[in-house]
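Shown next, in structure tokens, is the structure this report addresses.
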Protein chains: 2
Amino acid sequence: MPPTDGEAERKIIPQAVIKRLSLYSRILQDLELENVEKISSADLGRRLGFNSAQVRKDLACFGQFGVPGFGYYVSDLRKNLRSILGKDRTVRVILIGVGNLGSALISYHGFTKQGFKMMWGFEAQPEAATQRVRSEVPIYHVDELESKIQGESVDIAVLAVPATEIQSIAERVVAAGVKAILNFVPARIEVPEEVQVRYVDLALELESLSYYVR
Amino acid sequence: MPPTDGEAERKIIPQAVIKRLSLYSRILQDLELENVEKISSADLGRRLGFNSAQVRKDLACFGQFGVPGFGYYVSDLRKNLRSILGKDRTVRVILIGVGNLGSALISYHGFTKQGFKMMWGFEAQPEAATQRVRSEVPIYHVDELESKIQGESVDIAVLAVPATEIQSIAERVVAAGVKAILNFVPARIEVPEEVQVRYVDLALELESLSYYVR
DNA sequence: GCAAATTTGTGATTGTTTTCACAAAGGGCG
DNA sequence: CGCCCTTTGTGAAAACAATCACAAATTTGC
Ligand SMILES: NC(=O)c1ccc[n+]([C@@H]2O[C@H](COP(=O)([O-])OP(=O)(O)OC[C@H]3O[C@@H](n4cnc5c(N)ncnc54)[C@H](O)[C@@H]3O)[C@@H](O)[C@H]2O)c1
Ligand SMILES: NC(=O)c1ccc[n+]([C@@H]2O[C@H](COP(=O)([O-])OP(=O)(O)OC[C@H]3O[C@@H](n4cnc5c(N)ncnc54)[C@H](O)[C@@H]3O)[C@@H](O)[C@H]2O)c1
């Protein structure tokens, strides 16, 4: 008998594949609104600039969703992708640091549209922040971080605090049980390796553009 | 005589290399402030989680900057990287759409710190935007886009308008001669292929995190 | 000023991702 | 109902990227 991995049968899927699945999912969302019933891998690829084989290979990581000679049922594939991406339930998000950037993020409706639930904001100066932002998301003092999270589980923490605070805030959200971080602060954070971290680094994007236009 | 490419001797450098060069450049900036004189590829790599050979290979795309048995002179390498990245002159940036997100971007000091110059904001409702934002960057009506750009050249346009407007705005900035776009709007834009486009897609990042925590 | 210790720059190697290409599956039209 | 056409799923090949490993160059310490 070959050694099975037990329940860890799911092989490691590259991040790039997951990002593309998200893109597929969004196209399918649009198609469903337009009442389009089916789509081929070639069409789906064309809309995003990918090769059709790439689309099929990406999907093949998770099973067989297509119908040969026909394509994919939009609604069916969308359902599957949502489930794969963990979006078949509400994904709970918090924001730490409701300053200039955080104020925009906390009231961003693109979140909700994609099925995320922005639970709370946390701030060193919650009064000033509450005044600044017009949004239904409650903003608490950062001291309440641990007690709030304890009550209800949180999936993802979005960080937009000053660079000096980032490591200590990261440690606090991790200690409180958060397993994924989206970091807008241009500084590397040290966290246990089971915690997923994504960096959004604006200046980096600008610099790479700067290279190509100089 | 082998066919030379004329002045197009510069081979195509992958985007990933350029991003890493930016990261190196930022580390070197910090080191210079700390008056560190030299650094090895191994040290530089360690600070970013890269292999030392990767660092050397990346740099080798552009020349020989190191001293065997010694390492790299911080200030020297930094100067070279800035020049490679096109940062040895002011890089001129404009922002279109000074709403929730744009308001944060227009007054972001991380820009300036990395040598970018935010020239102007353009808005459909410039009065409201000016009121909202406390920043020295002037905000004009979007109708003035073409005439302003005509006078002084612009390197990069940052787009943060509603999704419905994105294609038309993209076409206008391209027609006005802008060669690089940083797009925060989650919608693909059609532009001539010589125009460089980067997408910053927040919901995509959240979704990929969502997969790993589900 | 010489030998030992470093560290670069780079060809070779390994690993990963994308693309190709085609057999097999299924739908649709006559 | 059956044949033809389309499109999937997937091994094989190609392209691309990261890592290894080592000769060559240079510093450092004695
Ligand atoms: N503004 C932008 O467009 C932008 C773009 C990219 C990245 N960033 C990064 O995002 C971060 C925030 O930028 P910003 O422009 O919003 O700055 P900001 O100063 O406006 O916002 C920071 C907020 O964090 C709060 N804060 C400080 N310490 C805190 C703590 N310990 N816990 C909770 N809240 C705390 C402050 O009160 C403030 O409201 C920075 O690290 C910046 O580099 C900003
Ligand atoms: N708010 C966020 O945190 C966030 C995050 C990621 C992406 N985005 C994207 O960024 C874009 C802007 O988001 P937002 O939250 O700032 O929305 P917003 O409505 O607050 O801002 C859009 C601004 O663009 C202006 N505008 C409209 N048409 C224009 C035109 N033709 N020319 C110039 N300006 C015009 C509006 O007056 C408004 O001020 C959206 O596409 C959104 O999906 C926003």
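Proteins come first, then strands; the chains are lettered A, B, ... in the order of their sequence lines, and each starts at number 1.
- Using a 4.0 Å cut-off between a side-chain N of Lys or Arg and a carboxylate O of Asp or Glu, A/Arg46 and A/Asp43 qualify as a salt bridge.
- No hydrogens or angles considered: nothing links the side chains of A/Gln150 and A/Glu146 as a donor-acceptor pair under 3.5 Å.
- Taking atom CG of A/Leu48 as the reference point, atom C1' of C/dT18 lies 16 Å away to the nearest angstrom.
- Applying the salt bridge (charged side-chain N to carboxylate O under 4.0 Å, His left out) test to residues at least two apart or on different chains, the pairs with a partner in residues 13-32 of chain A are A/Lys19-B/Glu205, A/Arg20-A/Asp58, A/Arg26-B/Asp201, A/Glu32-A/Arg78.
- For the side-chain contact (heavy atoms from CB on, under 4.5 Å) with A/Tyr211, the qualifying choice from B/Val17, B/Leu21, B/Ile13 is B/Ile13, the only one to do so.
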Per-nucleotide protein contact along nucleotides 8-18 of chain D, 5' to 3', at a 4.0 Å heavy-atom cut-off (B base, S sugar-phosphate only, - neither), is BBBBB----SS
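- Between the CD atom of B/Glu37 and the P atom of C/dT7 there is a distance of 14 Å, rounded to whole Å.
- Following rounding to the nearest Å, B/Leu77 (CG) and C/dT7 (C1') show an atom-to-atom distance of 14 Å.
- A donor-acceptor pair is defined here as one N or O able to donate and one able to accept, closer than 3.5 Å; such a pair exists between the side chain of A/Ser210 and the backbone of B/Leu85.
- In this structure, A/Lys38 places its NZ atom 11 Å from P of D/dT6, rounding to the nearest Å.
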Got a list of side-chain donor-acceptor pairs under 3.5 Å for residues 110-123 of chain B, not counting sequence neighbours?
from	atom 1	to	atom 2	distance (Å)
B/Gln114	NE2	B/Gln29	OE1	3.2
B/Glu123	OE1	B/Gln125	N	2.7
B/Glu123	OE2	B/Val98	N	2.9

